[in-house]
Amino acid sequence: MSRLSDANVALAKEMIAHYPRPKSALIPLLHLAQEQDGWVSNEAMAHLAELVGVTPAEVKGTCTFYEMFKLHPVGTYMINVCTNISCQLNGGEELLEHAQETLGVRAGGTTDDGLFTLEDVECIAACTEAPCIQVNYRYGLRLSHEDFDDIIAALRAGNTPDKLITANTGEPIPSHGTLGLARQHLTDEQTVNIIAPEQIHEAPVWLATSSKEN
Amino acid sequence: MTATEPQTETGVAINVDGVDITANKGELLIDAAERHGVYIPRFCYHPRMKPVGMCRMCLVEVDTGRGPGLQPSCMLPVSDGMTVLTESEVTKKAQDGVLEFLLINHPLDCPVCDKGGECPLQDQTVAYGPGESRFVEEKRHFEKPIPISDTVYLDRERCILCDRCTRFAKEVAGDPLIHFQARGNETQVNTFPDEPFSSYFSGNTVQICPVGALTAKPYRFKARPWDLTESPSTATTDAVGARITVQSSRNQVLRYLGVDSDLVNWGWLSDKERFNFEAWNSQARLTGPLLRGDELGNPSDDGDQLVSASWPRALREAASALDGVDPERIAVFGGARMSNESQYAWAKLAKSVLKTDNVDAQLGDGLDAHIVLGLPRATIDEVCAPGGTVLVVGVDPKETHGSLFLRLRHAAENDNTTIVELTPRSSGLSSYAAHNMYPAPGQLVAVVEALLAGTSLDVGGIDGPSLSSAAKALRSDQLTVVYGSGSLAEDSSVIEKALVTLADALPHATFLPALHRGNVMGALDMGLAPGLLPGRAPLGATPASWADAPAGRGLDTEQMLRRAADGGIDVAILLGCDPLTDFPDARLAEQAFNNVEHLISVDCLLNFTSTGADIVFPAAASATEAEGTFTNLEGRISPIARQVTPPGTARPDWMIAAELAAELGTDLGFIDLDELWADLASASPLHAGLTHADISNAGLDSPVLAGSSIDLPSPALVPIDGDEPGDGYQLVVTRKMYDEGTMLTFSPSLASLAAGASAAVNPDDLETASISAGSEVTLSNDIGSVTLEVVADPGVSPGTIAVEFNQPNASVAQLLDAGRIVTSVRIESAS
Amino acid sequence: MTSGDYVPHAPGYVDSPGTKIVTQRFEYEDSYTLERYEATGGYQGFKKALTRTPDECHSITRDATLLGRGGAGFPAGIKWGFCPPEVWPRYLVVNGDESEPGTYKDRLLMERDPHQLIEGCLIACYAIGLTQCFLYVRGEMAIAQQRIADALNEAYAAGHVGQNIHGSGFSVDIILHWGAGAYIVGEETALIESLEGNRGMPRLKPPFFPAAVGLYGQPTIVNNVETLSNLPWLMEHGADAYKELGSETSPGTRMFAVSGHVKRPGVYEVEQGVTTYEDLIYGEDYCQGMREGRTLKAFVPGGASAPWLFPEHVSLPLEARPVGAAGTMLGSGAIVIMDDSTDAVRACLRIVRFFARESCGKCTPCREGTSWEEKILQRILDGHGRPGDLELLLDVADNISPGPYPVAADESQGLEAVPFPPRQTTICPLGPSSVAPITSALRRFRSEFEAKIATAVVARHPEISRDLDSNAEVKA
């Protein structure tokens, strides 16, 4: 549980270059740290502080504001059960209770085998498909209690549950910390010129040209 | 003002609670109301920080023409025709609501809280709060006070999350080491694990905390506000002269509070300024005179220890030691820690009675008084004026002049002030400076000449492009220079010549001297320097009230020590100073004091040098135990309060001078402060016409003493003399805020903060030398050697090694020779 | 695709009759690829925009009265005009942090048609001189992030984004950014804080709207995903064609997510203003009415922050102005239907709890007040209610949102509507939003709250229960 690996430092630098100010990359970088370790350690936060040029206290201030960052180790699979209003109306709270029984942990807890962490979460934007869950941020929609158990059983067996939706059919459910399986990559030739705002003083060229034409 | 009256150019007509007032354009409503006597309650707003509108306590009903609505007055600039109701039912309901919200999770531990009695939350609650709580649930719980630094404790249960401390840390101090963590109802302020709030300015957060969440270790559980008495005063720790309130209880000083002086410190203090009064409360304070004596406590000239003696006996001994001694064989060191009045008395005793000009308040770590007093002076406000350029020469204000650093930092961060740094190594200002130049030791004059000439060649270790871009910045018609001694391993004549060169070429520039030791500027103004008389005047015209004055210029500290080492000094007087610790060339100082026949010390605490004295007079602490005045680096003169009585028979320094004069058969001409001031005002053209009453009545608008009869020498007349540099690395020795100084050593809260010295080396040099960072190295030259940990530091120029002065683990003074322009050392692994 | 069909590859989306502007490609399974996008007219609106001057593009947007789809409904063309002249650079921040309970449409647009969004960004940047765009996607939306990352890589490679696009002299960078779980970041000033790497705590506005002082202190336009997704169609078809759809003050179409107790919940793109709540809830092409044997009890008409409406209000058109005048808001287009089986206290607590959990902690009334509201409601639901709790609850609410709170008319009680928006003692509307379910539910269903408190009091004081029983006996 540690600082970023060399490969991730290279990635971090690429991400930092996408912003006019390095600190803007902080949230994506915290995700990168979480992708590496499954959670965000103090060592990782201190490393990110070095990379973006702020104090570790500032990194922790940002990190702890956001629900998704975990400051302690969590399960390989984060099971988020929505209980907000649309899901509540359609059995979300009962599904959460069922999930607690199936997994044998209360919301917020992690199973002894380290495989699952269960959370009672706020709206995850699939309200018409209530009750819904996310497993490592992949949706399971309109789930019956049996559907939930099937998902858990498939994950325990190392299979991709067919009731979870991924970006492409057959994609695996990555372990906790990995979000989208693609990243934006920009080469220096592709970007316009991402620089600090202080270094820009003039209207963009296409505006200047058009106003002259006018 | 009536509605028909035309609006002035800068005035904004608003109505507060039915009264028409004229606010300033751009002013915040909360400030405008307060200036006109309407105090709107607040917790998060602080006039020296950006408003955040968090606590919502200052909500008032405002109508700007679109109907009344609640607005936070701390975020609302006044606009013409604005109508404000600070007492309406809607306003009161909102404020009462906020107060109740703040209280539901606030512990009811006021009886054991340091803030009790001076707590805005408590005051508001008592005045307007609900009688009983409607909140029946369990309150929020956190671990009770946790230390967040060596001096500050945090009680998160009491915290109302106003963002004052965290804003201060980031916005004002630039040390964002405390931060909000978590979210919503769980939000707390905290540090990062194992990374404490080790800011030089942490104590300010305690002062601005609107509740008892932050408490200062030196004050915790010491007193209740109603037990305290207080006086307005001036901090004497450094030459900034920050304005403070001194508070005491039962004849013991318990707390300094920063006072918001627009001109000087804006309410802020460094922790050293804030907490080092602890030294005055030390059990080690001198309570009566001491003489050499035997183990039975009987005075005896060849005794090997100091024993108690009566004042008459000690005065008699001192007078007899001084009586008839050739003035050339007397040396007076120090005095920069005393009040102006005491400095005057000692200057008069030394120069008029003892007739010696061998007097120096600076201890070889300062700059030639003739140059300091000859340079056109700037004020802090002029230095920090928006849009100006500030050239910082030599000094690192963050380490030595904390509240000046905060002003400079603010100017650079907020007021578009350009800082050009010309220092021996990177400093606390480096990250705020637009140009950073660290000339090689001894090369400063060449670099200054290059800057003035606008060269594009590399000079003195600075590359041409950096020089020419800095030179461009210096071409400002709003140019000021902040200067002070830089590296103690470099002869002061290097900076002196550089300053004179700058003044000569840039006649519009003004200069702010950031010299070491509290009232050093008062000392120079009073003539505690060779060649000077009171009032920034050269030797020559003896003041009317003085019997006599030396004819020729005497010796400075280095010269006095050399003469003493050669056996040429019979009596040395130490005025609250410790040359063995402070004089950069430790070897010379030791030789000197070994060869002085009689050593007389006037001090509050024994130090390294005075432990070897023959006669010790106990002095009242000039900061808190004796009435007086202080002159800061601008020349601003402000009062020092006598808040407590001195211990035992200790008495003010000036009184000791007067009594010693009487013992020598001379009347100094004053037996109280009024008479002393009258004598001073007649002797010093600078102080003529000014009275003590003027100074105290001025409040925070203390006058600046301007003008000088000292002519600045031309650059050609300032020689750089000394031996040429040898081979190897050049040493850079700088001061830190925390060191082994006497005051710090005797202040329990600060004593452990001296971090220790290390050898800072440029990473490229380390690689070349195949030395790994973190290892032990030995620095040595023909004089001595020290062993230290080596650190890689890109802020140190290639070819130099930077070491901190007067630290607990190593004495870099062992490597210094006052006769050299620069100091060369070798570095090798200490395995 | 037949009208009324579920679209299997876009779960939740239900096709319906009428012109589709932003969901027109949802019928294609590969709608998110550049190939499909270009094959179905993609990037044509942008190319057409490039033949016009930036000012002309801005005018079209202004003339079309393209209303912001994030919740506040402010016209995008006018917002764009708030940038101070001659202050450069200016930024575009795309608000894809969709988190309002009941709401999802931006997620579908990002997952199903990322190129349409990218094209919308390009048009906005071209029109008002924005040199860098940050596409801020909600942290939990991993699939949307993945699709947008792929789409941006494709768009850069195809020369639609980057330097001197299609030789026009127009250059812009679009950067995918993602959050980490904080509802408040949907508020535009908090979004900017978050994008600067800070805690997502709202900044006070006015006097500084992001269009004047935003990201890095520079002029910044913050637009919602759906708003921007309208631009390609708008540039291609023009303002007049756009205004032919919808009503005069709310032209065009809008996506509505209808969830809760209806037969066929789903996300529908319909014309604004001319469609009513009734059409959506009961229409055969839409939700097909309440479930068997159930009746409508109440509904949330525009996201969890909106005061509730009741059966008598279903004829209101889906249009910001009349809904606001009726005492609530159209908001984010989220409609949550509650039937007569719903426990009003439980539903109210769940929404209040959401705001308490999501409060950023900056303003005292919201930080302390929303949690206090939750605690009071929780103890009422748990059977620990006390007499006076409802008055306390309303007073706590009043200290977060002072004065009469927006609420719908209730003719049965002879009560008039209080129009939107609520007043606030806080910087942003989050705290005051927590009051919406409280005042809504208490005004209409007060007896449900009182019954729970009465049961609790009886449980704690059995002697009262005996008294009641004996009274009953006497009466009998």
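Proteins come first, then strands; the chains are lettered A, B, ... in the order of their sequence lines, and each starts at number 1. Only a predicted model underlies this, so the values are computations on that prediction, with no experimental measurement involved.
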Student: Taking the cut-offs as 6.0 angstrom to the six-membered ring centre and 45 degrees off its axis, would you call C:Arg107 and A:Tyr139 a cation-pi pair?
Tutor: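 Satisfied, under 6.0 Å and within 45°.
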Student: Among A:Leu26, A:Ile27, A:Asn136, A:Val54, which residue forms the greatest number of heavy-atom pairs with chain C at distances under 4.5 Å?
Tutor: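 Option with the top pair count is A:Ile27.
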Student: Output yes when a side-chain donor or acceptor of C:Arg350 lies under 3.5 Å from a complementary backbone atom of A:Gln88, and no otherwise.
Tutor: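 Flag not set: sc C:Arg350 to bb A:Gln88 has no pair under 3.5 Å.
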Student: Measure the NE2-CD distance between A:His201 and C:Glu86 for me, rounded to the nearest 0.5 Å.
Tutor: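 Result: 13.5 Å between the selected atoms.
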Student: Does a donor on one side chain sit under 3.5 Å from an acceptor on the other, for A:Glu171 and C:Gln146?
Tutor: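 Result is yes, a qualifying pair exists.
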Student: Does A:Gln199 have more than 12 heavy atoms from other residues, nucleotides or ligands lying within 6.0 Å of its CD?
Tutor: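 Check passes, neighbour count above 12.
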Student: Would a 4.5 Å heavy-atom cut-off, applied to side chains only, mark A:Tyr137 and C:Glu140 as touching?
Tutor: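 Yes, close enough: below the 4.5 Å cut-off.
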Student: Roughly how far, to the nearest 0.5 Å, is the CD atom of C:Gln132 from the OG1 atom of A:Thr191?
Tutor: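 Atom-to-atom, A:Thr191:OG1 and C:Gln132:CD are 9.0 Å apart.
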Student: Just do the side-chain contact (heavy atoms from CB on, under 4.5 Å) check on A:Cys123 and C:Tyr104 with the steps written out, would you?
Tutor: CA-CA 10 Å; A:Cys123 182; C:Tyr104 78 104; over 6 Å; no
Student: Could you look at C:Thr342 and say if it's the side chain, the backbone, both or neither that has a heavy atom under 4.5 Å from chain A?
Tutor: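 C:Thr342 touches chain A through side-chain heavy atoms alone.
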Student: What part of A:Leu30 gets within 4.5 angstrom of chain C, counting heavy atoms only: side chain, backbone, both, or neither?
Tutor: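 Looking at A:Leu30, nothing touches chain C.
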Student: Check this for me: does any side-chain nitrogen of one of A:Arg183 and C:Asp150 sit under 4.0 Å from a carboxylate oxygen of the other?
Tutor: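 So A:Arg183 does not pair with C:Asp150 through a salt bridge.
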Student: With a 4.5 Å limit on heavy-atom distance, are the side chains of C:Gln163 and A:Gln190 in contact?
Tutor: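 Result no, sub-4.5 Å side-chain heavy-atom pair not found.
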Student: Can you tell which part of C:Ile128 gets under 4.5 Å to a heavy atom of chain A, answering side chain, backbone, both or neither?
Tutor: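 The backbone, not the side chain.
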Student: Ignoring hydrogens, what is the shortest heavy-atom contact between C:Gly179 and A:His31? Give both atom names and the distance.
Tutor: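 Minimum heavy-atom separation between C:Gly179 and A:His31: O-NE2, 2.7 Å.
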Student: Side chain, backbone, both or neither: which part of A:Val121 has a non-hydrogen atom closer than 4.5 Å to chain C?
Tutor: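 When you check distances to chain C, only backbone atoms of A:Val121 fall under 4.5 Å.
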Student: Under a 4.5 Å heavy-atom cut-off, does chain C meet the side chain of A:Asn80, its backbone, both or neither?
Tutor: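 It is neither, since no heavy atom gets under 4.5 Å.
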Student: Go through the atoms of C:Val185 and report whether side chain, backbone, both or neither lie under 4.5 Å from a heavy atom of chain A.
Tutor: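 The side chain, not the backbone.
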Student: Any chance you could lay out the side-chain contact (heavy atoms from CB on, under 4.5 Å) test for C:Asn198 and A:Lys23, step after step, and finish with the verdict?
Tutor: CA-CA 8 Å; C:Asn198 301 329; A:Lys23 196 185 179 191; 2.6 Å; yes
Student: Under 4.5 Å from any heavy atom of chain A, what part of C:Ala144 do you find: side chain, backbone, both or neither?
Tutor: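 No part of it gets close to chain A.
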Student: Can you tell me if C:Lys263 has over 12 outside heavy atoms packed within less than 6.0 Å of its NZ?
Tutor: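 Yes, the 6.0 Å shell around NZ holds more than 12 heavy atoms from other groups.
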Student: To check you understand the geometry: which heavy-atom pair defines the closest contact between A:Leu207 and C:Tyr126, and what is its length?
Tutor: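 The pair with the smallest heavy-atom distance is CD2-O, 4.1 Å.
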Student: With a 4.5 angstrom heavy-atom cut-off, which part of A:Pro20 approaches chain C: side chain, backbone, both or neither?
Tutor: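 It is both, since atoms from each part get that close.
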Student: Contact part of C:Leu195 toward chain A, heavy-atom cut-off under 4.5 Å: side chain, backbone, both or neither?
Tutor: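 Backbone plus side chain of C:Leu195, per the 4.5 Å heavy-atom cut-off to chain A.
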Student: Quick check on the interface: out of C:Met338, C:Arg138, C:Glu111, who has the most heavy-atom pairs with chain A under 4.5 Å?
Tutor: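 So the answer, after comparing C:Met338, C:Arg138, C:Glu111, is C:Arg138.
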Student: Do you know which of A:Val192, A:Asn90, A:Thr62 has the most heavy-atom pairs under 4.5 Å to chain C?
Tutor: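 With the most close heavy-atom pairs to chain C, the winner is A:Val192.
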Student: Out of A:Asn168, A:Thr187, A:Leu181, A:Ile124, which one racks up the most heavy-atom pairs below 4.5 Å with chain C?
Tutor: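 Sorted descending by pairs with chain C, the first entry is A:Leu181.
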Student: Checking C:Cys125 against chain A: side chain, backbone, both or neither under 4.5 Å from a heavy atom?
Tutor: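 Backbone only.
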Student: Going by distance alone, is a donor N or O of one side chain under 3.5 Å from an acceptor N or O of the other, for A:His185 and C:Tyr156?
Tutor: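 There is no such pair (donor and acceptor under 3.5 Å, judged by atom type) between the side chains of A:His185 and C:Tyr156.
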Student: Does anything in residues 128-135 of chain A get under 4.5 Å of chain C by heavy atoms, and if so which residues?
Tutor: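 Counting heavy atoms that sit under 4.5 Å from chain C, the residues of residues 128-135 of chain A involved are A:Thr128, A:Glu129, A:Gln134.
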Student: Look at C:Gly159, C:Ala182, C:Gly12 and state which one has the largest set of heavy-atom pairs under 4.5 Å with chain A.
Tutor: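 If we count pairs closer than 4.5 Å to chain A, C:Gly12 comes out on top.
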Student: Sort out for me which of C:Gln218, C:Met141, C:His261, C:Gln145 touches chain A most, counting heavy-atom pairs under 4.5 Å.
Tutor: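 Of C:Gln218, C:Met141, C:His261, C:Gln145, C:His261 has the most heavy-atom pairs under 4.5 Å with chain A.
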Student: To the nearest 0.5 Å, what is the distance between OG1 (A:Thr166) and CD1 (C:Ile143)?
Tutor: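 Rounded to the nearest 0.5 Å, the OG1-CD1 separation comes to 6.5 Å.
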Student: Apply the test side-chain contact (heavy atoms from CB on, under 4.5 Å) to residues A:Ile194 and C:Ile175: give CA-CA distance (whole Å), side-chain angles for both, the deciding distance (0.1 Å), then the verdict.
Tutor: CA-CA 10 Å; A:Ile194 298 172; C:Ile175 300 298; 4.1 Å; yes
Student: Of all of C:Gly361, C:Gly162, C:Gly102, which one pairs up most often with chain A through heavy atoms under 4.5 Å apart?
Tutor: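 Greatest number of close heavy-atom pairs with chain A: C:Gly102.
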Student: Do the rings of C:Phe170 and A:Trp206 sit parallel, tilted or perpendicular, given the 30° and 60° boundaries?
Tutor: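 Ring orientation of C:Phe170 relative to A:Trp206: perpendicular.
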Student: Of all of A:Ser86, A:Ala203, A:Cys82, which one pairs up most often with chain C through heavy atoms under 4.5 Å apart?
Tutor: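 Between A:Ser86, A:Ala203, A:Cys82, the count favours A:Ala203.
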Student: Assess the side chains of C:Ser194 and A:Tyr66: does a donor N or O sit below 3.5 Å from an acceptor N or O?
Tutor: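 Short answer, yes.
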Student: A side-chain contact here means heavy atoms from C-beta on lying under 4.5 Å apart; do C:Ile337 and A:Leu89 qualify?
Tutor: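 The answer is no, as the side chains (C-beta and beyond) never meet within the 4.5 Å cut-off.
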Student: Do A:Ser24 and C:Phe134 come close enough that some side-chain heavy atom pair is under 4.5 Å?
Tutor: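 A side-chain contact under 4.5 Å is absent here.
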Student: To the nearest 0.5 Å, what is the distance between CZ (C:Arg353) and CD1 (A:Ile85)?
Tutor: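 The CD1 atom of A:Ile85 is 12.0 Å from CZ of C:Arg353, to the nearest 0.5 Å.
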Student: OH of C:Tyr183 to CD of A:Glu122: how many Å apart, nearest 0.5 Å?
Tutor: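 That separation rounds to 10.5 Å.
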Student: Would you say that more than 12 heavy atoms from the other residues, nucleotides or ligands in this model lie under 6.0 Å from the CD of A:Glu50, or not?
Tutor: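 For A:Glu50, atom CD is crowded (more than 12 foreign heavy atoms under 6.0 Å).
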Student: Considering only heavy atoms, which portion of C:Arg52 lies under 4.5 Å from any heavy atom of chain A: side chain, backbone, both, or neither?
Tutor: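 C:Arg52 has no heavy atom closer than 4.5 Å to chain A.
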Student: Which distance, rounded to the nearest 0.5 Å, do you find between the NZ of C:Lys105 and the SG of A:Cys127?
Tutor: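 SG of A:Cys127 is found 12.0 Å from NZ of C:Lys105.
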Student: Check each atom of A:Ala25 against the heavy atoms of chain C and say whether the ones under 4.5 Å are side chain, backbone, both or neither.
Tutor: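 Neither part.
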Student: Heavy-atom cut-off 4.5 Å, strictly under: side chain, backbone, both or neither for C:Leu108 against chain A?
Tutor: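 Contact with chain A is absent: no heavy atom of C:Leu108 under 4.5 Å.
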Student: Quick check for you: among A:Leu179, A:Thr64, A:Asn84, A:Val52, which has the greatest number of heavy-atom pairs under 4.5 Å with chain C?
Tutor: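 Counting heavy-atom pairs under 4.5 Å, the top option is A:Asn84.
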Student: Where does C:Ala347 contact chain A at under 4.5 Å (heavy atoms): side chain, backbone, both or neither?
Tutor: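 When you check distances to chain A, atoms from both the backbone and side chain of C:Ala347 fall under 4.5 Å.
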Student: Heavy-atom cut-off 4.5 Å, strictly under: side chain, backbone, both or neither for C:Val336 against chain A?
Tutor: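 Only the side chain of C:Val336 comes within 4.5 Å of chain A.
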Student: Between A:Thr83 and C:Phe354, is any pair of side-chain heavy atoms under 4.5 Å apart?
Tutor: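 Heavy-atom side-chain distance check fails, nothing below 4.5 Å.
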